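A short write-up of the structure that comes next.
Each chain gets a letter, A, B and so on, in the order its sequence line appears, and its residues count up from 1. These numbers come from the heavy atoms of this one structure, side chains and all, not from hydrogens, waters or symmetry mates. Model, not experiment: these values are computed from the prediction.
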Protein chains: 2
Amino acid sequence: MNAISHKIIRETLLERIQSGEWELGELIPNEEELAEEFGCARTTVNRALRALAEEGIVIRKRKGGTRVCELPKREAKFEIPIVRQQVEATGAVYRHKIVCRESKKPPISVSTRLHLGADEKALYLEALHLADERPFAFEMRWVNPAAVPHIEEEKFDTISVNEWLIKSVPFSSGDVSFSAVNADCDIADALDVTEGSALFLVDRTTWYDQSFITTLKLYYNQGFKFYSKL
Amino acid sequence: MNAISHKIIRETLLERIQSGEWELGELIPNEEELAEEFGCARTTVNRALRALAEEGIVIRKRKGGTRVCELPKREAKFEIPIVRQQVEATGAVYRHKIVCRESKKPPISVSTRLHLGADEKALYLEALHLADERPFAFEMRWVNPAAVPHIEEEKFDTISVNEWLIKSVPFSSGDVSFSAVNADCDIADALDVTEGSALFLVDRTTWYDQSFITTLKLYYNQGFKFYSKL
DNA sequence: AATATTATTATGTATGCACATAATAATGAA
DNA sequence: TTCATTATTATGTGCATACATAATAATATT
């Protein structure tokens, strides 16, 4: 009665599915029948099944009933972390340094991404993230000053650009891509690796409600890995 | 009455949060008050707030009430795709080729990962994934034959190892890492790129209920990108 | 003052009921 | 046979109510 039965029911059903008691694609008993089996109300079974549906374990259709998902999706979720947290997670001391900061006309690829007019300027920043004073990641970023005017006043000596933006625009959306690139001369120099080293690149563009905020390329130093579970 | 009010309420509350009407960390009205405002039952508000809590937008505490999350988490979710689907998504024709298949004693790093005894053999496979007959990704994999004995009978001429395993063990768990590596001589050869090219590497180990199934390294060809949203 | 005990409070959960809705099956008309 | 109409069914949702639970506040005890 009190042992949060919707969770227990969810668990039980999940076990039946994972053990193969109910095959992939198979129709499972309806809510009413399950409610009777578990000796609870249909509402409770409903909640358990809804949870499984949200997780992609089952598919539910009105009148069609509930069946085990044919192709259980394997998704890896991971946080887009703040670099400082990544560094500190390794036990190292974090520091960041603004290497370059200027207002200038961005290349077309960037002005397109930020939805800027042809002659509009944007803020360009280069920053180096350090772990125990050793280069950890190198960031090349464009910011749309119209979206966050107060950025002009910020020095970024105590807080990184990313952290400042997250505080200013906490609920932005974004596109991200992950890839591997060979370090060119400039980046190799900044990260203190040999030219051509394989670097993990995160390329991200974020916006809030139609207003584009920033686009950046973040090059992680050699040997960096992103971990996740599925 | 019929316009799925819990969704509407969730939306409305989300807007108030995103617009800054309720600040980060701020306590929002309790369920009863909101129910009165929206003219609905507390149950309905509860459902909306529970959804927001699951998304990491708000934090809820008994007696403490509900408050906007201080650091809204930025997580990128993406599917660990089947390579065939990745290839076909680009419009290319997929084919895969088993380059090597043998049963042998794995190195310690692998026997540890697969929880094998010191002298136990495992199945080693190398496969090349092709997009329009051009190398797309190169896979080096160890499989624990004890976990999936039927694998001995499978030729993998119509289905890839990964797809076969997904069908055989649909609900496995796993650890994944993503990184960038320079192509060594063998891999450069397999993917037909110059040695030292930056490759995107996915390293994955999967198991089902304490029984370790497979561990693999998947090297994507140069220029490959993983896309996601946040 | 420090500690243990007892309210108080907002969320968490379960229930029975009613009705809405989408997908299907059954039926009828052309 | 073909198409449109009408049940039927399982899920989807909302509500009022009751009680459980965790965290806090208030109180009493040492």
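In this structure, CD of Glu36(A) is placed 12 Å from P of dG16(C), rounded to the nearest angstrom. Rounding to whole angstrom units, CG of residue Asn30(A) and P of dT24(C) are separated by 16 Å. Rounded to whole angstrom, the span from the NE2 atom of His6(B) across to the C1' atom of dT11(D) amounts to 13 Å. One can place CD of Glu31(A) at 11 Å from C1' of dT13(D), the figure rounded to the nearest angstrom. Rounding to whole angstrom units, CZ of residue Arg10(B) and P of dG14(D) are separated by 13 Å. Arg60(B) has its CZ atom 14 Å from the C1' atom of dA23(D), to the nearest Å. Atom CG of Leu27(A) is separated from atom P of dA23(C) by 16 Å (rounded to the nearest Å). Between the C1' atom of dT11(D) and the CD1 atom of Ile28(A) lies a distance of 12 Å, rounded to the nearest Å.
In this structure the side chain of His129(B) never reaches within 4.5 angstrom of the side chain of Tyr220(B), judged on heavy atoms. Under the 4.5 Å side-chain criterion, counting only non-hydrogen atoms from C-beta, Gln85(A) is in contact with Ile82(A).
Contacts between residues 61-69 of chain A and DNA chain C, counted as heavy-atom distances below 4.0 Å, involve Arg62(A), Lys63(A). The stretch residues 37-57 of chain B comes close to DNA chain C through Arg42(B), Asn46(B), each having a heavy atom under 4.0 Å from the strand.
For the pair Tyr208(A) (side chain) and Gln18(B) (backbone), a donor-acceptor distance under 3.5 Å is present. Checked by atom type and distance alone, the side chain of Glu26(A) pairs as donor or acceptor with a backbone atom of Glu23(A) at under 3.5 Å.
Defined by atom type and a distance below 3.5 Å, a donor-acceptor pair is missing between the side-chain atoms of Gln86(A) and Tyr94(A).
Here Phe138(B) contributes atom CZ and Lys97(B) contributes atom NZ; the two are 10.5 Å apart, rounded to the nearest 0.5 Å. Expressed to the nearest 0.5 Å, how far CG of Asp209(A) lies from CZ of Phe171(A) amounts to 13.5 Å.
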task: Tell me, with the steps shown, if Arg50(A) and Glu54(B) meet salt bridge (Lys or Arg N to Asp or Glu O under 4.0 Å).
output: CA-CA 14 Å; Arg50(A) 251 195 300 129; Glu54(B) 273 169 23; over 6 Å; no

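With ring centers used as reference points, Phe200(A) lies 6.0 Å or more from Tyr219(A).
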